[in-house]
Amino acid sequence: MSSFIRLDEDWHVSSTFSNGTSTVRQTVHLAEARSLKKLCIVDKVSASTDWVGDLGEACRKAQRESAVEVSCGVEAEVTDTRGTLELPSSAGLADHIYVSHRRLPTPMGPMDLDEARGQIEVGLLCPARVTEWLVRASAAATMRDGSVVLTDPFHILAELGVDSERIHPAYLRCLAGALVKREASVELSERWKGPSPVIANYFLMAGVPVRAATGSVSAETVGRYVWCKRVASEVARTVSTQWRTERVLAL
């Protein structure tokens with residue numbers, strides 16, 4: 001199961017540098033106690049954030065005291081379909097940049113979800129256009145130097161009353177192609193339960209790494225998976241079945 005989605009890693013735990021309740025040191029200590037191999041401390045940033053260097057130093061110090069491989073990331077909102085991220089000038093001091101979606105990115109800038117939902121309800125905005133904007137913004141945001149991790153862009157669809165399971169495969173192909181080209185990865189979030197098993201499997205089959213993450217804001221839940229474990233099991237079973245089918249067809 002873990003050969004496709006590793007469950008001895010946690011790629012998203014927030015600390016007291018942003019909205020977390022545990023320090024970097026406390027989080028790393030519990031990660032080691034739970035036999036995790038890798039841990040990424042990820043904190044939300046804006047253009048005015050001035051503590052990225054301090055976060056990196058805290059992670060490096062914790063790494064020296066632990067057998068866990070510790071890295072740090074900054075989570076920034078993508079605001080438009082050009083892939084603009086709300087990043088501080090010091091973002092390059094982090095090991096990873098996490099692309100998040102808090103509002104709907106449009107060609108003109110971010111749209112509040114209440115407004116987008118209202119436009120969909122009265123027919124001014126169609127679900128296909130919303131999906132297109134999410135894909136364009138996500139793909140463009142990965143086109144930058146350094147390691148990029150994409151949080152689930154399609155969780156916004158559920159909030160807008162759009163079924164993410166009905167996304168046209170062309171959109172998934174477009175996004176997966178961009179991620180593969182940039183060697184970016186996708187976060188599988190225990191906290192937000194996304195992306196779905198079907199979409200996670202699509203990314204994996206396209207060659208996009210899928211990283212298990214609790215999305216914890218407290219060290220108490222670091223590395224604890226229920227939903228991700230089920231998705232990992234489903235993905236492993238699906239990939240195994242597809243591999244056996246391909247082998248039979250090749251004979």
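Values below: all heavy atoms of this structure, side chains included; hydrogens, waters and symmetry mates excluded.
- A donor-acceptor pair under 3.5 Å is absent between the side-chain atoms of D10 and the main chain of V222, judged by distance alone.
- Counting heavy atoms from C-beta outward, R102 and K44 have side chains that approach closer than 4.5 Å.
- The closest side-chain heavy-atom distance from H168 to T131 is not below 4.5 Å.
- For S22 against A219, the heavy-atom pair with the smallest separation is OG-N, 2.9 Å.
- Classification of E234 and R230 as a salt-bridged pair holds, one side-chain N sitting under 4.0 Å from a carboxylate O.
- Counted by atom type alone, S196 and E165 present one or more donor-acceptor pairs between their side chains at under 3.5 Å.
- Annotation: side chain of W11 is not in contact with side chain of V42 (no heavy-atom distance under 4.5 Å).
- Inter-residue side-chain proximity for M111 and R103 is flagged as unmet; no heavy-atom pair is nearer than 4.5 Å.
- No side-chain heavy atom of Y202 sits under 4.5 Å from any side-chain heavy atom of V235.
- The 12-atom threshold is exceeded at CZ of R34, counting heavy atoms of other residues, nucleotides or ligands nearer than 6.0 Å.
- Listed for the S138 side chain is no donor-acceptor partner under 3.5 Å among the backbone atoms of V135.
- Remark: the backbone N or O of A212 is not paired with any side-chain donor or acceptor of E190 at under 3.5 angstrom.
- Tested against P195 for a side chain to side chain contact (heavy atoms under 4.5 Å, CB included), the candidates D152, V210, L150 yield a single pass: D152.
- With sequence neighbours excluded, no residue forms a ring-ring contact (aromatic ring centres under 6.0 Å, His included) with W133.
- One distance of note links OG of S71 with CD1 of I41; it measures 8.5 Å at 0.5 Å rounding.
- At distances below 3.5 Å, at least one donor-acceptor pair connects side-chain atoms of S100 with backbone N or O atoms of A76.
- Surrounding CG of D163 are more than 12 heavy atoms belonging to other residues, nucleotides or ligands, all under 6.0 Å away.
- Here the closest non-hydrogen pair linking V28 and A62 is CG2-CB, 3.7 Å.
- Here the side chain of D80 pairs no donor or acceptor atom with the backbone of M108 at under 3.5 angstrom.
- The aromatic rings of F17 and W51 are tilted relative to each other, their planes meeting at an angle between 30° and 60°.
- For CD of E183, the number of neighbouring non-hydrogen atoms (other residues, nucleotides, ligands) closer than 6.0 Å is 12 at most.
- In plain terms, the two heavy atoms of P105 and T81 that are nearest each other are O-CG2, 4.0 Å.
- Using modelled atom types, no side-chain atom of S233 and backbone atom of K229 make a donor-acceptor pair closer than 3.5 Å.
- Taking the side chain as every heavy atom from C-beta outward, V99 and R144 never approach each other to under 4.5 Å.
- The two residues G146 and R182 have their closest heavy-atom pair at O-NH2, 2.7 Å.
- For the pair K61/R25, no side-chain contact is recorded, criterion being any heavy-atom separation below 4.5 Å from C-beta on.
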